[in-house]
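No experiment lies behind these values; they were computed from the predicted model shown. Throughout, residue positions are numbered sequentially from 1 according to the sequence presented.
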Amino acid sequence: MKKIFLIISMVFVLFAGCSKDGSDLLDPATTGLTEDDVFASPQYSERFLLDIYRQILPVLAHTDNAGPRWRNLAHLETATDNGSTILGGNANVRDFNSGSWTPNSTGMFWYNDWTNSNAAIRACNLFLSHIDKVPVDPQYSFDENTRKTRKAEAKFLMAFNLAELAKQFGGLPIVKKVVSPTDADIQIPRSSFDETIDYISKLCDEAATDLPVVQPDAQLGRATKGAALALKARMLLYAASPLWNDATNGTSTAYSGKYDPKKWEAAARAAKDVIALNTYQLHPDISTLFLTRTNSEIIFARMQEPMSYHSATHVPYTLYNGSGAYGIGGVNQVTYNMVKEYEVLRNGVAYFVDDAASGHNFQDPFKNRDPRFYRDCIFNGSKVLGKTAEFGNPEPGHNKSGAHNMGYLKDSQSYNTFVFSVKFADQSLNVTWDARSSSAGTRVHQNYPYLRYAEVLLNYAEAMNEAFGPDVDALGIGKTALQAVNEVRTRAKYPAGKSEYLGLTGGMPALSTGTKDQVRAKIHHERRVELAYEEHRFWDVRRWKVDPATMTDIKAQIPVYKKDGTMEYQIKTIDTRFFDTKMYRMPIPQSEVLANPLLVQNPGW
């Protein structure tokens with residue numbers, strides 16, 4: 001393929017001016033430019049690299065076709081016990097949760113990820129094969145140092161896309177050159193999982209050597225040394241986890257690595273390398289963490305234009321001007337399975353809701369919860385733009401409509417938990433009907449973080465606990481597993497002057513120590529809360545090999561208006577989902593297996 005899809009309009013910031021569908025890097029009919037044309041120009045070669053950045057899967061929705069993994073408004077959390085969605089007509093979400101999907105299911109996120117990430121990997125190889133031909137040009141600030149940095153960025157982007165595939169499928173066909181359809185060696189087998197992780201780690205190390213620690217403001221969104229090291233730490237943690245590091249595995253295959261308990265120590269050391277940069281720190285205000293262009297916690301982010309679309313689609317529209325983007329809002333709900341994970345604070349002590357010492361009232365359920373609950377969720381009693389949210393389902397014969405009622409259980413495939421996921425929404429925005437239009441009211445300049453320092457600390461805590469126990473500073477950086485997780489936990493404080501936090505003060509207390517098993521459970525819980533709705537839960541339950549039976553009963557704490565005028569909360573099962581151990585790994589698209597007989601399918605598929 002000689003002609004290359006490029007963004008040929010002037011690019012002032014990363015990812016601006018991208019094609020609407022964001023589907024291909026290579027398009028023979030778009031520009032008429034050949035490979036030689038592109039890499040004879042610093043300007044075109046830079047734009048080619050920016051287009052590879054653009055291909056990284058978007059999570060924070062801002063247009064119809066560049067939305068989250070489901071290619072609409074429902075996010076990946078709705079395929080876990082954390083989330084549900086009112087988008088009952090979406091066959092992909094419904095089919096996934098019912099288990100009615102196969103390696104031939106072309107609409108599923110993993111099917112598209114296989115295609116898109118492999119296209120990006122090919123583009124990285126193409127870029128690396130040509131970048132040395134690009135002439136130095138002072139007009140575009142392209143010198144030898146820039147060339148070296150851009151090579152490192154391409155290696156990071158290749159590692160990032162390989163990592164996205166490895167956590168889904170396991171061992172991959174590792175392609176280290178540009179392959180054409182006519183090449184004799186186009187069909188190659190999957191490498192083992194260990195070989196795949198080793199290659200990702202090697203790319204990260206090479207990239208980290210030549211990437212800057214900090215990018216200047218005009219280059220925000222490009223990879224940094226910290227991004228490469230943090231990606232390596234993430235993937236070594238995955239490689240150490242039970243799914244990929246099973247004690248029964250004597251050899252490494254495409255489906256799993258060779259068992260080695262020392263992998264936990266390798267993961268801890270990789271996370272330590274990020275911490276030792278002394279570049280990142282936890283952002284002190286949880287209410288603004290995801291609503292700023294950048295801050296001290298963000299390591300690598302997808303850059304976005306100023307936007308209000310996420311608020312318009314995730315905040316229940318009746319809390320704004322009575323209409324939402326396309327007449328919808330509150331599209332992603334939080335299940336009771338997740339709501340109960342936000343602990344209750346009482347006299348400076350944190351309790352789970354079913355602990356009698358918590359004093360929790362199930363008929364007044366949203367008081368004194370973990371501060372992150374008020375940032376992440378809208379619920380009965382939430383304060384939004386001066387309104388108090390009121391949601392509920394009227395009992396038959398009751399005429400209560402609910403001042404801000406977000407619809408009832410509309411059909412058998414549309415489940416409304418009446419708690420709405422709004423972690424990335426700015427609840428202060430005065431959003432109008434179509435949040436993408438030029439008259440859409442106020443906007444926030446936010447960027448979606450793929451890698452942030454809180455994850456690094458939680459990765460370090462998990463790996464250190466498994467390798468050395470909860471209270472041992474074995475790597476000599478003044479940080480034990482328990483100290484690392486407590487940094488994240490105690491950062492969660494009620495911010496002053498924020499009405500949505502209901503005037504509460506204080507924050508989460510530190511966790512106490514315990515056995516390795518006890519602290520493991522605490523770290524897993526903290527990770528579930530801190531990283532909720534950031535595409536971690538889906539992969540964590542798989543790498544931990546969580547019992548599928550615990551993932552199927554989806555509950556909601558539904559407010560019901562009674563005939564006598566009272567309202568009560570009823571905990572009900574709203575969905576019974578299918579989960580099988582074969583779903584720990586995604587199936588390779590069957591079309592790829594048929595095209596390449598050496599590409600062995602994952603177990604159970």
Return the minimal non-hydrogen interatomic distance between [X] and [Y], and the atom names on each side.
X	Y	result
G226	L277	CA-CD1, 3.7 Å
F366	V419	CZ-CG2, 4.1 Å
T85	V331	OG1-O, 2.8 Å
S84	I574	OG-CD1, 4.4 Å
V519	P470	CG2-CB, 3.6 Å
T417	T335	CG2-CA, 4.1 Å

Worked check of side chain to side chain donor-acceptor pair (under 3.5 Å) between D355 and S358: CA-CA 6 Å; D355 188 331; S358 70; 5.7 Å; no
Step-by-step salt bridge (charged side-chain N to carboxylate O under 4.0 Å, His left out) determination, R369 to E343: CA-CA 6 Å; R369 304 299 285 267; E343 294 163 90; over 6 Å; no
Gap separating the [atom1] atom of [X] from the [atom2] atom of [Y], nearest 0.5 angstrom:
X	Y	atom1	atom2	result
H360	R346	NE2	CZ	12.5 Å
S296	L282	OG	CG	7.5 Å
M567	N380	CE	CG	5.0 Å
L457	Y280	CG	OH	12.5 Å

Is the distance between the ring centroids of [X] and [Y] under 6.0 Å?
X	Y	answer
F424	Y533	no
F96	F578	no
F373	F379	yes
Y569	Y336	no
Y448	F290	no
H525	F352	yes
H536	F538	no

Test item: [X] side-chain N/O and [Y] main-chain N/O as donor-acceptor pair under 3.5 Å:
X	Y	value
N337	D553	yes
R302	R54	yes
Q215	A223	yes
S241	L237	yes
E297	H283	yes
T224	A227	yes
N97	T78	yes
K493	T490	yes
Y453	V274	no
R542	M583	yes

Counting C-beta onward and ignoring hydrogens, is there a side-chain heavy-atom pair between [X] and [Y] closer than 4.5 Å?
X	Y	answer
Q557	P365	yes
N82	R528	yes
N447	I298	no
L482	L511	yes

Name the residue from E535, R527, H524 that meets the side chain to side chain contact (heavy atoms under 4.5 Å, CB included) definition with D540. R527
Below 4.0 angstrom, N of the basic side chain to O of the carboxylate: do [X] and [Y] qualify?
X	Y	result
E462	R543	yes
E530	R489	no
E487	K479	yes
D575	K555	no
D564	K562	no

Heavy atoms from other residues, nucleotides or ligands near CG of N347 exceed 12 (cutoff 6.0 Å): no
With a cut-off of 6.0 Å (strictly less than), are more than 12 heavy atoms of other residues, nucleotides or ligands near CD of Q281? no
Under the rule for ring pair (Phe, Tyr, Trp, His ring centres under 6.0 Å), what residues qualify as partners of Y501, not counting sequence neighbours? none
Using the side chain to side chain donor-acceptor pair (under 3.5 Å) rule, take D471 and T480 through it: C-alpha gap first, then chi angles, then the decisive distance, then the call. CA-CA 5 Å; D471 300 304; T480 66; 4.9 Å; no
Test L531 against R537 for side chain to side chain contact (heavy atoms under 4.5 Å, CB included), laying out the working first. CA-CA 8 Å; L531 301 178; R537 178 69 176 169; over 6 Å; no
Taking the six-membered ring for Trp, are F156 and F160 parallel (under 30°), tilted (30 to 60°) or perpendicular (over 60°)? tilted
